[in-house]
2 protein chains.
Amino acid sequence: MNIGDAAKASGVSAKMIRYYEQIGLIPPAGRTHAGYRDYTEKDVHVLRFVRRARDLGFSVAEIDGLLQLWRNRRRRSADVKRIALDHIEDLQRRIADMQEMAATLQQLATCCSGDDRPDCPILADLEQPSAAAAKEPKRRRGAVDDRGVGKRKAQRG
Amino acid sequence: MNIGDAAKASGVSAKMIRYYEQIGLIPPAGRTHAGYRDYTEKDVHVLRFVRRARDLGFSVAEIDGLLQLWRNRRRRSADVKRIALDHIEDLQRRIADMQEMAATLQQLATCCSGDDRPDCPILADLEQPSAAAAKEPKRRRGAVDDRGVGKRKAQRG
DNA sequence: ATGGGCCTTGCCATCGTTGGAAGGTCAAGG
DNA sequence: CCTTGACCTTCCAACGATGGCAAGGCCCAT
């Protein structure tokens, strides 16, 4: 089975299959005499696992963990659950952040006449965050200066 | 005012200030005889604008548009509102996607005993998405193959 | 044998941000 | 005057996940 077929069968693009192999997320595929990657149904099965996990928003690093647990018949389901719950938390944090942004903007937009006149509460707020709209900014994007503050969880985005 | 002071005063890191200047988001700062960037209160004002917009999740491209409108005294507030509303929509789409992921995972996690035994509905679903949990996968990450399907809106994040 | 479609590798771009190296400047203290 | 340390400069690389392109090889059908 060629990489193109494996791509269609798994829903993972050929490009990404090669990439996942390169970074070691999946083991190197077999090769034909001509050097073409050769996939079995089993390989496709793995790829579908990866695809599904990506669809659920897991990072490649998390999927790596999940794959190892998947392959390990003596795994503890608690370990799997841990990864899932952490990911849910992560999602919820990001959802909350975005909801706050959306709410703030919605409020500002509601106050904006949106016509030919220049007066605009949106720009006014960007200029001088109003106490009402500002709240704690939540600074998604790290420190204020060059001198780093230590590692943060890798932010996918 | 040195770049470090401007960073502290605006909440934008020195690194990012240089970057924003480099990509043309903000005009080049003045320079001292030694080549140090020199900032005025006005410059810091602009930086704070940028910072606030980033906090609200606007992309650099969007901020560029907002800055131009900000500077243009004859702008139409409708143009500002348009950018804001588009961004809100974008946020809401992403929020919905993430909520769906979180809900699916939550459901799976609830079914997972999370103990020392290996049986795990989470892994089972990743292996073979159940009809209940799968729904329309929403494929946030593009096509199935190399041969592209055209441009999508740049995805930050 | 020729053409089209697939495969290979490799490099570049994205987006926003951080990190680091190598070197110049400035102010304070010996 | 010299050193030290904190700051500044530029340039380069990395992150994560993906798409795109190009040059060349392979395979199959006409």
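Note that the structure is predicted; figures quoted are calculated from it, not measured. Each chain gets a letter, A, B and so on, in the order the sequences are listed, and its residues count up from 1.
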Is there a donor-acceptor pair closer than 3.5 Å between any side-chain N or O of [X] and the backbone N or O of [Y]?
{"X": "B:Asn72", "Y": "B:Arg74", "value": "yes"}
{"X": "A:Gln128", "Y": "A:Asp125", "value": "no"}
{"X": "B:Arg54", "Y": "B:Phe58", "value": "yes"}
{"X": "A:Asp38", "Y": "A:Thr32", "value": "no"}

Atom [atom1] of [X] and atom [atom2] of [N]: how far apart are they, to the nearest Å?
{"X": "B:Asp64", "N": "C:dC15", "atom1": "CG", "atom2": "C1'", "value": "15 Å"}
{"X": "B:Met1", "N": "C:dC26", "atom1": "CE", "atom2": "P", "value": "18 Å"}
{"X": "A:Asn2", "N": "C:dG5", "atom1": "CG", "atom2": "C1'", "value": "11 Å"}
{"X": "B:Tyr39", "N": "D:dC8", "atom1": "OH", "atom2": "P", "value": "10 Å"}
{"X": "A:Arg18", "N": "D:dC21", "atom1": "CZ", "atom2": "P", "value": "15 Å"}
{"X": "A:Ile17", "N": "C:dT9", "atom1": "CD1", "atom2": "C1'", "value": "16 Å"}
{"X": "A:Ile3", "N": "C:dC7", "atom1": "CD1", "atom2": "P", "value": "7 Å"}

Query raised in the report: Among C:dT18, C:dC7, C:dG16, which nucleotide sits nearest the side chain of B:Lys15?
Result: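 For B:Lys15, the side-chain atoms sit closest to C:dT18.
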Query - Side chain of A:Tyr20 (C-beta onward), nearest among D:dA17, D:dC8, D:dT18 - result: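 That would be D:dT18.
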Whether [X] contacts [N] is assessed here as follows: a side-chain N or O lying under 4.0 Å from the phosphate OP1 or OP2. Is that the case?
{"X": "A:Ser13", "N": "D:dT18", "value": "no"}
{"X": "B:Arg37", "N": "D:dT10", "value": "yes"}
{"X": "B:Tyr19", "N": "C:dC15", "value": "no"}

Query - Qualifying residues under ring-ring contact (aromatic ring centres under 6.0 Å, His included), relative to B:Tyr39, sequence neighbours excluded - result: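 In terms of ring-ring contact (aromatic ring centres under 6.0 Å, His included), with neighbours along the sequence ignored, B:Tyr39 is linked to no residue.
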**Report entry** Stretch residues 21-36 of chain A: residues that reach within less than 4.0 Å of DNA chain D through a heavy atom
**Finding:**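 Listed by number, they are A:His33, A:Ala34, A:Tyr36.
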Set out, line by line, the N/O atom pairs under 3.5 Å between protein and nucleotides 28-30 of chain D.
none

Query raised in the report: Is any NZ, NE, NH1 or NH2 atom of the basic residue among B:Arg93 and B:Asp97 found under 4.0 Å from an Asp or Glu carboxylate oxygen of the other?
Result: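 Answer for the salt bridge query: no.
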**Report entry** Pairing residues for A:Arg31 by the salt bridge (Lys or Arg N to Asp or Glu O under 4.0 Å) criterion, not counting sequence neighbours
**Finding:**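 Only A:Glu21 meet the salt bridge (Lys or Arg N to Asp or Glu O under 4.0 Å) criterion with A:Arg31.
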Report task. Name the orientation class of the two ring planes belonging to A:Trp70 and A:His45 (parallel below 30°, tilted from 30 to 60°, perpendicular beyond 60°). Result ->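 The rings of A:Trp70 and A:His45 stand perpendicular, inter-plane angle above 60°.
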Query raised in the report: Roughly how far, to the nearest 0.5 Å, is CG of B:Leu126 from CG of A:Leu56?
Result: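 With rounding to 0.5 Å, CG (A:Leu56) is 6.0 Å from CG (B:Leu126).
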Query raised in the report: Quick one: CG on A:Asp64 to CD1 on A:Ile23, what's the gap to the nearest 0.5 Å?
Result: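 A:Asp64 atom CG to A:Ile23 atom CD1 measures 8.0 Å (nearest 0.5 Å).
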Report task. State plainly whether one hydrophobic cluster holds both B:Tyr36 and B:Ile3, where clusters connect Ile, Leu, Val, Met, Phe, Trp and Tyr through side-chain heavy atoms under 4.5 angstrom apart. Result ->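 No, B:Tyr36 and B:Ile3 fall in different hydrophobic clusters.
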**Report entry** Interface with DNA chain C, restricted to residues 40-49 of chain A and to heavy atoms under 4.0 Å
**Finding:**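 Residues of residues 40-49 of chain A under 4.0 Å from DNA chain C: none.
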For residues 76-83 of chain A, which side-chain donor-acceptor pairs fall under 3.5 Å, sequence neighbours excluded?
from: A:Arg76; atom 1: NH1; to: B:Asp116; atom 2: OD1; distance (Å): 3.0
from: A:Arg76; atom 1: NH2; to: A:Asp79; atom 2: OD1; distance (Å): 2.9
from: A:Ser77; atom 1: OG; to: B:Ser113; atom 2: OG; distance (Å): 3.4
from: A:Ser77; atom 1: OG; to: B:Gly114; atom 2: N; distance (Å): 3.3
from: A:Ser77; atom 1: OG; to: B:Asp115; atom 2: N; distance (Å): 3.1
from: A:Ser77; atom 1: OG; to: B:Asp115; atom 2: O; distance (Å): 3.4
from: A:Ser77; atom 1: OG; to: B:Asp115; atom 2: OD1; distance (Å): 3.3
from: A:Ser77; atom 1: OG; to: B:Arg117; atom 2: O; distance (Å): 3.2
from: A:Lys81; atom 1: NZ; to: B:Ala109; atom 2: O; distance (Å): 3.2
from: A:Lys81; atom 1: NZ; to: B:Cys112; atom 2: O; distance (Å): 2.7
from: A:Arg82; atom 1: NE; to: A:Asp86; atom 2: OD1; distance (Å): 3.3
from: A:Arg82; atom 1: NH2; to: A:Asp86; atom 2: OD1; distance (Å): 3.0

